[in-house]
Amino acid sequence: MGQPLEWGRRYLMVRPDHFRIDYVINPYMSTHDQPDPALTLKQWESLRQAIVDAGGEVEVLAQRADSPDMVYAMNLGLAAADGRAMLSHMRFEPRRKESLSAADWFTEAGFRLDRTGSEGVGPHFESGDAFVFGDSLVVGYGPRTEEAALKHLATEWNIRVRGLRIAHEGMYHLDLPFCPVDSTHAMIYPPAFDAASQAELSGIVPDPIVLTDEEAFAFSANSIVVGETIIMPACSPRLHDVFTGLGLRVVVLDLSEFHKGGGSIRCLTNPLDFPLSRIGTPGGEVVLPA
């Protein structure tokens, strides 16, 4: 059995006061299927409370009225426990205004900001594609994050970065087919990746929890672990047995209004405490699928 995750005790969330579907940038979105504002807020508050009940802390950032997707706070930036933050450089122009508010918040919270690019210039990087796991920062690239951003992350922060190429349009961020559970276990959905990346998964995840199609597209991997609790938007009986067998308490929440925008629990929560010391390497290193 793996050791508990070193991170996931402190989160940034964005209150969904202006959440709506104004455009389509993933297969789940439709401007004809708008979220219900009252139910949206109720679901968001249930998630915030579940994190607190599990022993976590939640910081709340106000949502910009001109940024309907800003509720998906995971993509505002990659925050490290040592006080560094790599601001996201969104691929799609309608989401780039979010970075203005995120930059102000990170700075006011005491983080030192780095960037891979801004306003469409420079490699795109979206922090929903990055997790500290094992000896590396595991980064998904392809649909949203560009391969060139991995080198920037590695050299700017002097860390080891392991890339996985995402090849499934329905799994456009790493937080949809990959979820760290403890130091050795992670939920994975191999069909989300190209053949070379699938082959690399066994070397990255010692104890994989391989998701079925049904589990993956119920957003099961878009979950978070807070201490001894895993908070999920869906959990099959099989997965429930796996997680309770690992000593975790399973909490399942209805986040269906947010699924209309293509995200769920992990997308709504940005961990502010990723540890970097264990994955440090002088000059940085990028390991790509063979």
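The chain is numbered in sequence order, starting from 1.
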State, to 0.1 Å, how close [X] and [Y] come at their nearest heavy-atom pair, and which atoms those are.
{"X": "P208", "Y": "I188", "answer": "CB-CD1, 3.6 Å"}
{"X": "W7", "Y": "P275", "answer": "CD1-CD, 3.5 Å"}
{"X": "S136", "Y": "R162", "answer": "OG-NE, 2.8 Å"}
{"X": "D182", "Y": "P4", "answer": "CB-CA, 4.5 Å"}
{"X": "T107", "Y": "A103", "answer": "OG1-O, 2.8 Å"}
{"X": "W157", "Y": "A85", "answer": "CZ2-C, 3.6 Å"}

So, taking the atom named [atom1] in [X] and the one named [atom2] in [Y], what distance separates them when rounded to the nearest 0.5 Å?
{"X": "L176", "Y": "I166", "atom1": "CG", "atom2": "CD1", "result": "8.0 Å"}
{"X": "Q43", "Y": "L253", "atom1": "CD", "atom2": "CG", "result": "9.0 Å"}
{"X": "D17", "Y": "Q63", "atom1": "CG", "atom2": "CD", "result": "6.5 Å"}
{"X": "I224", "Y": "C179", "atom1": "CD1", "atom2": "SG", "result": "9.0 Å"}
{"X": "S46", "Y": "L41", "atom1": "OG", "atom2": "CG", "result": "10.0 Å"}
{"X": "R64", "Y": "S99", "atom1": "CZ", "atom2": "OG", "result": "9.5 Å"}

Does some side-chain heavy atom of [Y] sit less than 4.5 Å from a side-chain heavy atom of [X]?
{"X": "Y141", "Y": "L164", "result": "no"}
{"X": "V14", "Y": "L76", "result": "yes"}
{"X": "L137", "Y": "V139", "result": "yes"}
{"X": "L39", "Y": "W44", "result": "no"}
{"X": "N222", "Y": "C267", "result": "yes"}
{"X": "F193", "Y": "P289", "result": "no"}
{"X": "F131", "Y": "P271", "result": "no"}
{"X": "R95", "Y": "Y72", "result": "yes"}

### Task
Go through S127 and N75 one step at a time and tell me if the side chain to side chain donor-acceptor pair (under 3.5 Å) criterion holds.
CA-CA 5 Å; S127 50; N75 283 296; 4.6 Å; no
Any side-chain to backbone donor/acceptor pair from [X] onto [Y]? Under 3.5 Å, distance only.
{"X": "E6", "Y": "F274", "value": "no"}
{"X": "T155", "Y": "K151", "value": "yes"}
{"X": "R10", "Y": "L272", "value": "no"}
{"X": "H152", "Y": "R115", "value": "yes"}
{"X": "N158", "Y": "G280", "value": "no"}
{"X": "S183", "Y": "Q3", "value": "yes"}
{"X": "T145", "Y": "D129", "value": "no"}
{"X": "T116", "Y": "P123", "value": "yes"}
{"X": "S88", "Y": "E126", "value": "no"}
{"X": "D114", "Y": "M86", "value": "no"}

### Message
Between V161 and V287, does the side-chain contact (heavy atoms from CB on, under 4.5 Å) criterion hold? Intermediate values first, please.
### Response
CA-CA 6 Å; V161 173; V287 181; over 6 Å; no
Identify whether [X] and [Y] are in the same connected component of the hydrophobic contact network (ILVMFWY, side-chain heavy atoms under 4.5 Å).
{"X": "V71", "Y": "M90", "answer": "no"}
{"X": "I279", "Y": "L5", "answer": "yes"}
{"X": "L78", "Y": "F106", "answer": "no"}
{"X": "L276", "Y": "L113", "answer": "no"}
{"X": "L150", "Y": "L174", "answer": "yes"}

Taking atom types as modelled and ignoring hydrogens, do the side chains of [X] and [Y] form a donor-acceptor contact shorter than 3.5 angstrom?
{"X": "D104", "Y": "S101", "result": "no"}
{"X": "D273", "Y": "Y11", "result": "no"}
{"X": "Q49", "Y": "D53", "result": "yes"}
{"X": "H18", "Y": "S67", "result": "no"}

### Query
Only one of R15, M70, E98, M13 clears side chain to side chain contact (heavy atoms under 4.5 Å, CB included) with L61; which?
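It is M70, the one option of R15, M70, E98, M13 that forms the side chain to side chain contact (heavy atoms under 4.5 Å, CB included) with L61.
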#### Entry: is_close_aromatic(Y189, F217), centroid dist under 6.0 Å
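Judged by ring-centre distance (under 6.0 Å), Y189 and F217 do meet the cut-off.
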### Task
Please find out if less than 6.0 Å separates the ring center of F19 from that of F258.
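Ring centroids of F19 and F258 are less than 6.0 Å from each other.
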### Query
M29 and Y23: side-chain contact (heavy atoms from CB on, under 4.5 Å), yes or no, with the steps?
CA-CA 8 Å; M29 301 176 82; Y23 43 77; 4.2 Å; yes
Using a 3.5 Å cut-off and no angle test, enumerate the donor-acceptor pairs between side-chain atoms of residues 225-250 and protein atoms at least two apart in sequence or in another chain.
| from | atom 1 | to | atom 2 | distance (Å) |
| --- | --- | --- | --- | --- |
| T229 | OG1 | R249 | NE | 3.4 |
| T229 | OG1 | R249 | NH2 | 3.3 |
| S236 | OG | E215 | OE2 | 2.7 |
| S236 | OG | L239 | N | 3.2 |
| R238 | NE | E215 | OE2 | 3.2 |
| R238 | NH2 | V210 | O | 2.9 |
| R238 | NH2 | E215 | OE1 | 2.7 |
| R238 | NH2 | E215 | OE2 | 3.4 |
| T244 | OG1 | H240 | O | 2.9 |
| T244 | OG1 | D241 | O | 3.2 |

### Task
Scan residues 26-41 for pairs that pass side chain to side chain donor-acceptor pair (under 3.5 Å), counting only residues two or more places apart or in two chains.
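The answer is N26-Y172.
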### Residues R48 and E45 bridged, charged N to O under 4.0 Å
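Salt bridge: yes.
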### Task
Give the intermediate values and the outcome of side chain to side chain donor-acceptor pair (under 3.5 Å) for residues S264 and H259.
CA-CA 6 Å; S264 195; H259 295 181; 2.9 Å; yes
### Message
Let's go through I25 and D69 carefully: what are the C-alpha distance in whole Å and the side-chain angles of both, what is the deciding distance for side-chain contact (heavy atoms from CB on, under 4.5 Å) to 0.1 Å, and is it a yes or a no?
### Response
CA-CA 10 Å; I25 58 173; D69 270 349; 3.8 Å; yes
### Query
Going by the angle between their ring planes, with limits at 30° and 60°, are F178 and F133 parallel, tilted or perpendicular?
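F178 vs F133 ring planes: perpendicular.
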### Task
Could you walk me through whether L100 and W105 pass the side-chain contact (heavy atoms from CB on, under 4.5 Å) test, one step at a time?
CA-CA 9 Å; L100 300 175; W105 187 89; over 6 Å; no
### Message
List the residues meeting salt bridge (charged side-chain N to carboxylate O under 4.0 Å, His left out) with E147, not counting sequence neighbours, and say none if there are none.
### Response
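Applying salt bridge (charged side-chain N to carboxylate O under 4.0 Å, His left out) to E147 gives R165.
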